[in-house]
Amino acid sequence: MKRRRMGEWLLSIPSVVWLILFFALPTLLIFGLAFKPATINGGIGPGWTLDAWFRLGNPSYLSILWRTVWLSLSCTVICIGLGVPVAYWIARLPTKARQWALILIILPFWTNFLIRVFAWRILLHPDGLVKQALIKLNLAEMNDQLLYNHWAILLVLVYTYLPFAILPLYAAAEKFDFDLLDAARDLGAGRWVAFYKVFLPGVRVGMLTAILIVFIPALGSYAIPEIVGGPTSEMIGNKIAQRVFTERSLPDASALSAVLAIGVFLPLLLIYLYRHRRGAAPSELEGGQF
Amino acid sequence: MRISRFPFFVSVTVLLFFYLPIGVLCLQSFNAAKFGGSWKGFSFRWYQELWQREDIHAAAYNTLIIAFSSTLVALILGSLAAWCLHHYTNRFQKFHYGLIYAPLAVPDILMGISLLLLFVNFQIPLGIGTIIIAHTTFCVSYVALVMLARLQDFDESVIEAARDLGAGWGTIILRILIPLLGPGLAAGGLLAFTLSVDDFVITFLVSGPGNTTLPVKIFSMMRRSSPQVINALSVIFMAVTFTIVIISQKLIRSKP
């Protein structure tokens, strides 16, 4: 018995120590260093201060926070809105075709993330395909700017996170018994009522996972607003990077990161509480990522 | 009952949306025009220019070194972790599982900032070493989860049978564990490798001046050089990634 315990310790220790050192400790540092003063050369000074927190009171932060939240929320809503019909469509295909449909969905996302964002910059560029097509269709004027605003950010956010919404939605839809829809129709429900009252509750767990998987990384976006956004459409991630690279104030960066961290853990906590209130069975949680 | 056509139309639109940017990018990489836009004829010019850019070769070399090192460390740490999580159920392993799972829920920018704070706070110089540490940290969780799924299909009685027949741990690891868990190791390793090659945000934060990987290089090129060189680089990058993924799929499927 004692030897078994010893073996468990020896085998667990490498990963436990690594993750405490390089994941748990740094995460706590985000909260700790926000109470430190900055030094001129970009380091961290001795002593304690609330300066970084007072600077968060700057009203310009409020509009950036608000923009970050609404862009992430809109992105989540659009991804669910598009993801549910796609998941439904794939789940109703014959088994062999489903594999191919899934591969088709995932394939573009094996390319590098930056390259995909850059590809959108080419498309939305004034000489790009989308702009030219919109002008031909009389939907845009010659001097309309498609790039460097928050609509461009929203578009690319949806492009980036939609597959991550489709996969858990499909995993849930695949387990759904489609005969239930026919039963609902036979009992007199309209097509939309059957979809809304039978199918959507049936894929609820997949939907929760999809919401988290899209919303959380969207909150932390940095590269997308940096590449297709402009100076008036910054998100909190850009501000954090600015504090690090341009103003070289790590305490300010960590105070902002602490705000973002709270914003990330809040939805996780809400979902956790929601599941416990409902007394979700363990099997129900299996389909979820979190 | 007539099935609604609506999901089909949405799906086709979504697939077009997914492929349009990448398709245009591939076409543009063969366009002779300097800033893209209208078609000025087919040309390999941008690929030739790429061939001569030594800074890009250096970034590619760094990317490979970092990906190989962090994959190796993550494979060792992640497999050990999966083995423990599979074999023992107690409070300590619950905590262990939490540590493995939590990094998956943290956005890249937070993980990058937290590691940067750690390195600056303890005066660890930024460079290839800190990038490898950062990549290993986010890869461990993925490797552990892939291996955990594999272990659940693994028949443990094989090990007991081997021990009854007098095999030592060395033989068991070499003759049983590695062959049977090999596909899982390959899958976890390739996942870690692609995650490492793909990462931009975390690398950008912990790399320090002068140490670039390909994604960081692409990011700085977006500001300065002609977009056409980036297009050509992207196409080669994509071709390499696809080849790795296809090989890995074949490897994983060909074994029992």
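Note on naming: letters A, B, ... go to the chains in the order of the sequence lines (proteins, then strands), and numbering restarts at 1 for each one. Scope of the values below: all heavy atoms of this structure, side chains included, with no hydrogens, waters or symmetry mates.
- Closest approach of A:T27 and B:S114 over heavy atoms only: N-CB, 4.0 Å.
- The heavy-atom pair separating B:P7 from A:P85 by the smallest distance is CB-O, 3.4 Å.
- Contact of B:I100 with chain A is made through backbone and side chain together, with heavy-atom distances under 4.5 Å.
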One pair to check against side-chain contact (heavy atoms from CB on, under 4.5 Å): A:F23 and B:V140. What are the steps and the verdict? CA-CA 11 Å; A:F23 175 71; B:V140 167; over 6 Å; no
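- For A:L155, the parts lying near chain B are the backbone and the side chain together; criterion is any non-hydrogen pair under 4.5 Å.
- With respect to chain A, the highest number of heavy-atom pairs below 4.5 Å among B:N121, B:V120, B:T194, B:I218 belongs to B:N121.
- For a residue to count as touching a neighbouring chain, one of its non-hydrogen atoms must lie under 4.5 Å from one of that chain's; by this rule A:I105 touches chain B with backbone and side chain alike.
- Expressed to the nearest 0.5 Å, how far CG of B:L80 lies from CG of A:L10 amounts to 10.0 Å.
- With a threshold of 4.5 angstrom between heavy atoms, A:L33 approaches chain B through side-chain atoms but not through N, CA, C or O.
- Using a 4.5 Å cut-off between heavy atoms, A:I122 contacts chain B through its side chain alone, with no backbone atom that close.
- For B:L15, the part lying under 4.5 angstrom from a heavy atom of chain A is the side chain only.
- Both the backbone and the side chain of B:L205 come within less than 4.5 Å of a heavy atom of chain A.
- Interface remark: of the candidates A:L104, A:V130, A:I13, A:V264, A:L104 forms the most heavy-atom pairs closer than 4.5 Å to chain B.
- Heavy atoms of A:L107 lying under 4.5 Å from chain B belong to its backbone as well as its side chain.
- With a 4.5 Å cut-off on non-hydrogen atoms, A:W110 touches chain B through its backbone and its side chain both.
- With A:N112 as reference, B:D198 is the one residue of B:D199, B:T241, B:D198, B:V197 to meet the side-chain contact (heavy atoms from CB on, under 4.5 Å) rule.
- Summarising the geometry of A:L19 relative to B:L99, their closest heavy-atom pair is CD1-O, 3.6 Å, with the distance given to 0.1 Å.
- The CH2 atom of B:W83 lies 12.5 Å from the OG atom of A:S12; values are rounded to the nearest 0.5 Å.
- If you tally non-hydrogen atom pairs under 4.5 Å between each of A:I236, A:L219, A:I240, A:L162 and chain B, the highest count goes to A:L162.
- The parts of A:V16 that come within reach of chain B are both its backbone and its side chain, each placing non-hydrogen atoms under 4.5 angstrom from that chain.
- The most heavy-atom pairs under 4.5 Å with chain A, out of B:N90, B:L233, B:L214, B:L85, come from B:N90.
- The number of heavy-atom neighbours closer than 6.0 Å to CD of B:Q123, taken from other residues, nucleotides and ligands shown, is 12 or below.
- Ring centroids of B:F17 and A:W120 are separated by less than 6.0 Å, placing the two rings close together.
- Both the backbone and the side chain of B:F8 come within contact range of chain A, judged by heavy atoms closer than 4.5 Å.
- For B:V73, the part lying under 4.5 angstrom from a heavy atom of chain A is the side chain only.
- The structure places CD of A:E8 at 4.5 Å from CD of B:Q93, a figure rounded to the nearest 0.5 Å.
- Within the 4.5 angstrom heavy-atom criterion, no atom of B:T13 approaches chain A.
- Taken to the nearest 0.5 Å, the OG atom of A:S257 stands 9.5 Å off from the CG atom of B:L116.
- Per-residue heavy-atom pair counts under 4.5 Å with chain B were compared for A:F22, A:Y159, A:F113, and the maximum is reached by A:Y159.
- Atom CZ of A:R191 is separated from atom CZ of B:F6 by 11.5 Å, given to the nearest 0.5 angstrom.
- Within the 4.5 angstrom heavy-atom criterion, only side-chain atoms of B:F242, from C-beta onward, approach chain A.
- Separating the OG atom in B:S11 from the CD1 atom in A:I166 is a distance of 7.5 Å, to the nearest 0.5 Å.
- When all heavy atoms of B:I109 and A:G220 are compared, the closest pair comes out as CG2-O, 3.3 Å.
- In this structure, chain A has a heavy atom under 4.5 Å from the side chain of B:F92, while its backbone stays farther away.
- Environment of OH in B:Y19: crowded, with over 12 heavy atoms of neighbouring residues, nucleotides or ligands closer than 6.0 Å.
- The ring of A:F109 has its center closer than 6.0 angstrom to the ring center of B:F18.
- In terms of heavy-atom pairs under 4.5 angstrom with chain A, the leader among B:L20, B:V106, B:T136, B:V24 is B:T136.
- When heavy atoms are compared at a cutoff of 4.5 Å, B:A74 does not approach chain A at all.
- At a cut-off of 3.5 Å, with distance as the only test, a side-chain donor of B:T137 or A:W18 sits close to an acceptor on the other residue.
- Taking every heavy atom of both residues into account, B:P21 and A:L123 meet most closely at CA-CD1, 3.6 Å.
- Contact check for A:F118 versus B:I230: side-chain heavy atoms found under the 4.5 Å cut-off.
- Considering every non-hydrogen atom in both B:L117 and A:S254, the closest pair reads CD1-CB, 3.6 Å.
- Interface remark: of the candidates B:I76, B:D108, B:I133, B:V12, B:I133 forms the most heavy-atom pairs closer than 4.5 Å to chain A.
- Among the candidates A:V86, A:L114, A:L260, the residue making the largest number of heavy-atom pairs closer than 4.5 Å to chain B is A:L114.
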